[in-house]
S.K.: 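Provided herewith is a single structure, encoded as structure tokens, for subsequent inquiry.
We count ligands from 1, going down the list as the structure has it; atoms in each ligand are counted the same way.
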Amino acid sequence: MTKVLTSPGKYVQGKKVIKQIGDYIKNLGEKALIIADPIVKELFLADLETGLKNFDYEIEFFKGECSKVEIERFKKKAAAEDADIIIGMGGGKTLDTSKAVAYYSQLPVVIVPTIAATDAPCSALSVIYTEDGVFEEYLFLPKNPDIVIVDTEIVAKAPVRFLVSGMGDALATYFEATASAVTRKTAMSGGTPTMTALYLAELCYNTLLKYGVSAKKAAEAGVVTEALEKIIEANTLLSGLGFESGGLAAAHAIHNGFTVLEETHAKTHGEKVAYSTLVQMVLEGRDPAEIEKVMNFCQEVGLPTTLADLGITEVTDNKILKVAEASCSKDETIHNMPFAVDAEMVKDAILAVDALSKNFNK
Ligand SMILES: NC(=O)c1ccc[n+]([C@@H]2O[C@H](COP(=O)([O-])OP(=O)(O)OC[C@H]3O[C@@H](n4cnc5c(N)ncnc54)[C@H](O)[C@@H]3O)[C@@H](O)[C@H]2O)c1
Ligand SMILES: [Zn+2]
């Protein structure tokens, strides 16, 4: 029962920090290959160039999928350019690609997220897809990124749905870490959770409830406030460390179950995870007042609380049972829950969340 906490080497967050990126990375190497989402060219190239004015670098743009072909393309480019640092800048897919390229090239990696939508920035994991976007495998990396640098002005100006999705993903962290800690399951860190990881997960939850709505308003206005800073930290650092060193349980398994339904594909990871967190709470038989509190939060920030919100407008028992069965497949993290869970229980809990939500004024 060894406890393990894993984290990036350094985490930097603030308005306009991109303009100082050179200062943060200068000890890591001398020439960077920047793997950049195409959005970087449109919006942030000037600031990035300012940040790297005394630094040798080459930029190559990401084609949209974290696939083995794309990873190989960048690995060759890094070798051809004699790069000794990889910088990834963009959304989760660009960042996962950059981490994989750095691993295969045995180089340090600096991660610059341009949205706060997922746990990808801080983790020692890349999610690999085929070139057509079908999930292929998890690539577990031997270490987390060397430095994560979050420019909060960039995140504030991104579409608000990404920030809200990040809150949905972060919402699950406390509930899943708490559940799997009871069972003392090994987390992705390779050990059971430290007190620190569990406290970070709790801090993540409390931060969302307290600052989520204000942060969303700031992002709608495209401005950086202290509330937005706190939510970016919760979505990126607290949720990232909390999931990796705290553990997953029912919510992410139910999310995976929802992906079997075509109609949920237009919804983001975080949106599906938020609904699935409510399902986990119902499975656990949590205090209805607590469920109501989380449901209110979801409705206030615009996360789904009904099946229709998730794109499932024609609800049948059979369809929901399929989701539940997929959530309960053998290797799923739902089996980290402190009690035995089967597909019938999950199906009922999914339908119960939908019914409960309809009691609230939307
Ligand atoms: N490695 C991990 O631990 C981990 C954890 C969770 C999710 N993931 C992975 O992350 C990926 C999803 O991440 P994502 O939602 O960030 O997807 P993404 O990287 O595809 O980005 C979503 C979209 O946002 C755009 N974008 C990025 N920054 C922007 C900005 N500032 N303004 C406007 N548009 C911007 C991108 O161009 C893209 O079209 C999935 O592949 C998932 O498997 C990985
Ligand atoms: Zn997640």
S.K.: If you measure every N/O of D169 against every N/O of ligand 1, is any gap under 3.5 Å?
M.R.: no

S.K.: Decide whether an N or O pair under 3.5 Å exists between D96 and ligand 1.
M.R.: yes

S.K.: Which protein non-hydrogen atom lies closest to atom 32 (N) of ligand 1, naming both residue and atom, and how far is it?
M.R.: P159 CD, 3.6 Å

S.K.: Looking only at distances, please establish whether an N/O atom of ligand 1 is found under 3.5 Å from an N/O atom of G92.
M.R.: yes

S.K.: Keeping D47 on the side-chain end and K19 on the backbone end, is there a donor-acceptor pair under 3.5 Å?
M.R.: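 Flag not set: sc D47 to bb K19 has no pair under 3.5 Å.
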
S.K.: Please determine, by modelled atom types, if H252 and D169 share a side-chain donor-acceptor pair under 3.5 angstrom.
M.R.: yes

S.K.: Any atoms of ligand 1 less than 4.0 Å from a non-hydrogen atom of A158? List them with their elements.
M.R.: 30 (C), 31 (N), 32 (N)

S.K.: With the threshold set at 4.0 Å, does a side-chain nitrogen-carboxylate oxygen contact exist between D146 and K10?
M.R.: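 Looking at K10 together with D146, the answer is no, because their closest N to O distance does not fall below 4.0 Å.
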
S.K.: Is it true that atom NZ of K217 has more than 12 heavy atoms of other residues, nucleotides or ligands lying nearer than 6.0 Å?
M.R.: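 No, the 6.0 Å shell around NZ holds no more than 12 heavy atoms from other groups.
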
S.K.: How are the rings of Y205 and Y174 set to each other: parallel, tilted or perpendicular (split at 30° and 60°)?
M.R.: parallel

S.K.: Which atoms of ligand 1 have any heavy atom of K99 under 4.0 Å away?
M.R.: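 So the atoms of ligand 1 that pass are 1 (N).
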
S.K.: Quick one: pull up SG in C66 and CG in D96 and give me the separation to the nearest 0.5 Å.
M.R.: 5.0 Å

S.K.: With the threshold set strictly below 4.0 angstrom, can you tell me whether any protein non-hydrogen atom sits that near atom 39 (O) of ligand 1?
M.R.: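 There is no protein heavy atom less than 4.0 Å from atom 39 (O) of ligand 1.
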
S.K.: Which distance, rounded to the nearest 0.5 Å, do you find between the CD of E65 and the CD of E136?
M.R.: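 The distance works out to 10.0 Å.
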
S.K.: Determine whether any heavy atom of C66 lies closer than 4.0 Å to an atom of ligand 1.
M.R.: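 Not so, C66 does not reach ligand 1.
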
S.K.: Side chain or backbone, does D37 bring an N or O within less than 3.5 Å of an N or O on ligand 1?
M.R.: yes

S.K.: Is there a donor in the side chain of T183 and an acceptor in the side chain of N336, or the other way round, less than 3.5 Å apart?
M.R.: no

S.K.: Using distance alone, determine whether F44 and ligand 1 share an N or O pair under 3.5 Å.
M.R.: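 Checking ligand 1 against F44, no N or O pair falls under 3.5 Å apart.
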
S.K.: Which residue supplies the protein heavy atom nearest to atom 15 (O) of ligand 1, what is that atom called, and how far is it?
M.R.: T118 CG2, 3.9 Å

S.K.: Using a 4.0 Å cutoff against the non-hydrogen atoms of S123, which atoms of ligand 1 qualify?
M.R.: 1 (N), 2 (C), 3 (O)

S.K.: Out of Y129, F135, F243, whose heavy atom is nearest to atom 43 (O) of ligand 1?
M.R.: Y129

S.K.: Is it the side chain (CB and beyond), the backbone, both or neither of F162 that lies under 4.0 Å from ligand 1, heavy atoms counted?
M.R.: side chain

S.K.: Output the list of atoms in ligand 1 that are nearer than 4.0 Å to some heavy atom of V127, sorted by atom number.
M.R.: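 Answer for ligand 1: 43 (O), 44 (C).
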
S.K.: Please work out which of T114, T94, T97 has its closest non-hydrogen atom nearest to atom 27 (C) of ligand 1.
M.R.: T114

S.K.: Can an N or O of K93 be found at a distance shorter than 3.5 Å from an N or O of ligand 1?
M.R.: yes

S.K.: Before you tell me yes or no, could you show the steps for K53 and E49 under salt bridge (charged side-chain N to carboxylate O under 4.0 Å, His left out), namely the whole-Å CA-CA distance, both residues' side-chain angles and the distance that decides it to 0.1 Å?
M.R.: CA-CA 6 Å; K53 63 179 181 298; E49 281 168 352; over 6 Å; no

S.K.: May I ask you to say whether K75 pairs ionically with E70, meaning some side-chain N is under 4.0 Å from a carboxylate O?
M.R.: no

S.K.: For D354 and L307, indicate whether the former's side chain and the latter's backbone hold a donor-acceptor pair under 3.5 Å.
M.R.: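 Yes: the side chain of D354 pairs with the backbone of L307.
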
S.K.: Going by heavy-atom distance to atom 4 (C) of ligand 1, choose the closest among G64, C122, A120, G90.
M.R.: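 Result: the heavy atom closest to atom 4 (C) of ligand 1 is in A120.
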
S.K.: With a cut-off of 2.8 Å, does H269 place any N/O/S atom under that distance from the Zn ion (ligand 2)?
M.R.: yes

S.K.: Counting only heavy atoms closer than 4.0 Å, does ligand 1 sit against the backbone of P38, its side chain, both, or neither?
M.R.: neither

S.K.: Any Lys/Arg nitrogen of K68 or E131 sitting under 4.0 Å from an Asp/Glu carboxylate oxygen of the other?
M.R.: no

S.K.: For the residue pair Y275 and F258, does the interplanar ring angle fall in the parallel (under 30°), tilted (30 to 60°) or perpendicular (over 60°) class?
M.R.: perpendicular

S.K.: Give, rounded to 10 degrees, the angle between NE2 (H252) and OD2 (D169) as seen from the Zn ion (ligand 2).
M.R.: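 The angle at the Zn ion (ligand 2) comes to 140°, rounded to the nearest 10°.
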
S.K.: Among all protein heavy atoms, pick the one closest to atom 34 (N) of ligand 1 and tell me residue, atom and distance.
M.R.: I39 CD1, 3.8 Å

